[in-house]
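Step one of this worksheet: look at the structure below.
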Amino acid sequence: MRGMTSTERRVLLAAPRGYCAGVDRAVVTVEKALDLYGPPVYVRKQIVHNKHVVSSLEERGAIFVGELDEVPEGAMVVFSAHGVAPYVHAQARERSLRTIDATCPLVTKVHNEARRFAANGRDILLIGHAGHEEVEGTAGEAPDHIQLVQGPDDVDRIEVRDPSNVAWLSQTTLSVDETMQTVERLREKFPQLMDPPSDDICYATQNRQIAVKEIAHQADLMIVVGSANSSNSVRLVEVALEAGARAAYRVDNAGEVEDAWLDGVSVVGVTSGASVPDSLVEGVLDLLTERGFPPAEEVRTAEESLIFALPPELRKGLRAAPQH
């Protein structure tokens with residue numbers, strides 16, 4: 001790195017950042033369902049955890065509901081990227097709802113792992129956050145076999161039926177480092193603990209955390225664009241501080257950046273969570289330019305090319321639709 005004076009200002013922009021393949025697929029699913037079937041299209045929970053995305057879809061005619069009993073019988077409903085438990089699919093059938101399942105394929109993978117472990121009689125220790133929709137969906141696949149572990153401090157209270165027949169799974173949006181600390185504690189208690197067949201924490205979550213680590217140690221201030229209920233965005237703030245950023249804040253948009261944060265700051269790092277459109281990041285970069293910072297330098301640590309096909313129910317509808 002070239003030498004720089006204490007007054008030289010820089011903006012370091014993490015890459016990858018923003019939309020992951022699962023989020024992009026979920027948002028496009030709702031957009032295309034609105035185009036194909038017309039509003040209203042109901043969505044159970046937030047399609048992704050971002051206020052801006054939800055608001056823009058509401059303007060187009062999407063109606064977000066907490067539970068399916070708020071959806072009229074026979075209506076079209078989309079399940080969010082975070083996944084749902086089997087009982088939700090059963091409720092939809094009972095109410096004759098037409099459904100499109102926009103669950104991220106990487107979350108579906110964890111659901112499949114939970115079912116396989118349960119079928120083999122294993123106790124499953126699910127590392128994640130209580131109340132998060134993804135955790136509720138995964139736990140619903142095998143409720144008699146799954147216990148939630150929120151972190152290393154939870155490990156001492158865990159009891160299982162057979163310590164030699166235990167496996168762990170995790171929410172896909174956690175901090176990689178913190179999750180592995182929890183796994184290490186679990187393995188101390190259960191030496192025969194079985195790992196998932198492949199990594200549960202999604203590639204995009206890991207890539208965004210690695211990118212933040214690359215720039216955080218240089219940053220006086222790290223700004224993470226993302227909503228408060230976005231687990232992966234909240235984790236990015238924690239990762240930035242652990243990696244050496246002197247301060248780190250999460251904002252939904254540029255309007256939440258406080259001028260006081262910029263006092264005496266030379267190097268600002270900027271990133272965004274996996275459910276954040278890049279327009280919101282551009283807004284933050286524009287604000288920094290207005291405050292006298294130079295154009296951002298992108299610091300790229302990985303290339304992402306993964307694209308997920310749209311849900312089969314939607315693809316079938318699009319194929320059947322008259323072509324204009």
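One-based numbering along the sequence shown. No hydrogens, no waters, no symmetry mates; every other heavy atom, side chains included, goes into these values.
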For [X] and [Y], work out which heavy atoms get closest and say how close.
{"X": "Leu148", "Y": "Leu126", "answer": "CD1-O, 3.2 Å"}
{"X": "Pro197", "Y": "Phe117", "answer": "CD-CZ, 4.3 Å"}
{"X": "Thr103", "Y": "Gly83", "answer": "OG1-CA, 3.2 Å"}
{"X": "Gln209", "Y": "Leu174", "answer": "NE2-O, 2.9 Å"}
{"X": "Cys104", "Y": "Gly22", "answer": "SG-CA, 4.0 Å"}
{"X": "Asn207", "Y": "Glu304", "answer": "ND2-OE2, 2.9 Å"}

Value rounded to 0.5 Å, distance of [atom1] in [X] from [atom2] in [Y]:
{"X": "Leu221", "Y": "Trp261", "atom1": "CG", "atom2": "CH2", "answer": "7.5 Å"}
{"X": "Tyr42", "Y": "Glu70", "atom1": "OH", "atom2": "CD", "answer": "10.0 Å"}
{"X": "His89", "Y": "Leu68", "atom1": "NE2", "atom2": "CG", "answer": "10.0 Å"}
{"X": "Thr182", "Y": "Asp154", "atom1": "OG1", "atom2": "CG", "answer": "8.5 Å"}
{"X": "Asp200", "Y": "Leu106", "atom1": "CG", "atom2": "CG", "answer": "9.5 Å"}
{"X": "Leu169", "Y": "Arg122", "atom1": "CG", "atom2": "CZ", "answer": "11.0 Å"}

Scan side-chain atoms only and decide if [X] and [Y] contain a donor-acceptor pair under the 3.5 Å cut-off.
{"X": "Lys109", "Y": "Ser198", "result": "yes"}
{"X": "Arg161", "Y": "His145", "result": "yes"}
{"X": "Arg115", "Y": "Asn112", "result": "yes"}
{"X": "Ser175", "Y": "Asp177", "result": "no"}
{"X": "Gln206", "Y": "Asp199", "result": "yes"}
{"X": "Arg25", "Y": "Thr29", "result": "no"}
{"X": "Asp252", "Y": "Ser227", "result": "yes"}

Are the side chains of [X] and [Y] in touch, meaning some heavy atoms are under 4.5 Å apart?
{"X": "Glu113", "Y": "Thr108", "answer": "no"}
{"X": "Val28", "Y": "Asp24", "answer": "yes"}
{"X": "Phe79", "Y": "Ile100", "answer": "no"}
{"X": "Met180", "Y": "Val183", "answer": "yes"}
{"X": "Phe308", "Y": "Leu306", "answer": "yes"}
{"X": "Glu58", "Y": "Ile63", "answer": "no"}
{"X": "Ile215", "Y": "Leu13", "answer": "no"}
{"X": "Lys213", "Y": "Val239", "answer": "yes"}

Count I, L, V, M, F, W, Y as connected when their side-chain heavy atoms are under 4.5 Å apart, and connections chain through other members. Are [X] and [Y] then in the same cluster?
{"X": "Tyr87", "Y": "Val77", "result": "yes"}
{"X": "Leu280", "Y": "Leu288", "result": "yes"}
{"X": "Val276", "Y": "Val224", "result": "no"}
{"X": "Val267", "Y": "Leu285", "result": "no"}
{"X": "Val176", "Y": "Val149", "result": "yes"}

Within the distance-only criterion (no hydrogens, no angle test), does the side chain of [X] pair as donor or acceptor with the backbone N or O of [Y] below 3.5 angstrom?
{"X": "Glu134", "Y": "Thr172", "value": "yes"}
{"X": "Arg95", "Y": "Val71", "value": "yes"}
{"X": "Arg250", "Y": "Ile223", "value": "no"}
{"X": "Asp220", "Y": "Val265", "value": "no"}
{"X": "Gln150", "Y": "Ala130", "value": "yes"}
{"X": "Ser272", "Y": "Val225", "value": "no"}
{"X": "Arg300", "Y": "Ala15", "value": "no"}
{"X": "Lys32", "Y": "Val27", "value": "no"}
{"X": "Glu136", "Y": "Val84", "value": "no"}
{"X": "Asp123", "Y": "Val166", "value": "no"}

What residues, two or more places apart in sequence or in another chain, satisfy side-chain hydrogen bond (donor to acceptor under 3.5 Å, both in side chains) together with Asn253?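 None.
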Using the rule given for side-chain contact (heavy atoms from CB on, under 4.5 Å), can you reason through Leu310 versus Leu318, listing the C-alpha separation, both sets of side-chain angles and the distance that settles it, and then say yes or no? CA-CA 10 Å; Leu310 291 170; Leu318 290 168; 4.2 Å; yes
When you measure from the centre of the six-membered ring of Phe190, is the NZ or CZ of Arg185 closer than 6.0 Å and no more than 45° off the axis?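 Pair Arg185/Phe190 does not count as cation-pi.
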Does Arg9 make a cation-pi contact with Phe293 (under 6.0 Å, within 45 degrees of the axis)?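 So Arg9 does make the cation-pi contact.
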Give the C-alpha distance, both sets of side-chain angles, the deciding distance and a yes or no for side-chain contact (heavy atoms from CB on, under 4.5 Å) between Met222 and Val237. CA-CA 8 Å; Met222 192 83 201; Val237 175; over 6 Å; no
Output yes when [X] and [Y] qualify as a salt bridge under the 4.0 Å nitrogen-oxygen rule, no when they do not.
{"X": "Arg60", "Y": "Asp35", "answer": "yes"}
{"X": "Lys316", "Y": "Glu313", "answer": "no"}
{"X": "Arg17", "Y": "Asp278", "answer": "yes"}

May I ask you to check whether over 12 heavy atoms, not counting those of Glu73, lie within 6.0 Å of atom CD?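 Atom CD in Glu73 is packed in, count exceeds 12.
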Show me the donor-acceptor pairs within less than 3.5 Å that the side chains of residues 43-54 make with the rest of the protein, sequence neighbours left out.
residue	atom	partner	partner atom	Å
Arg44	NE	Glu67	OE1	3.4
Arg44	NH2	Glu67	OE1	3.1
Lys45	NZ	Gly66	O	3.4
Lys45	NZ	Glu67	OE2	3.4
Gln46	OE1	Asn229	ND2	3.1
His49	ND1	Asn229	O	2.9
His49	NE2	Glu133	OE1	3.4
His49	NE2	Glu133	OE2	3.2
Asn50	OD1	His52	N	3.1
Asn50	OD1	Val53	N	3.0

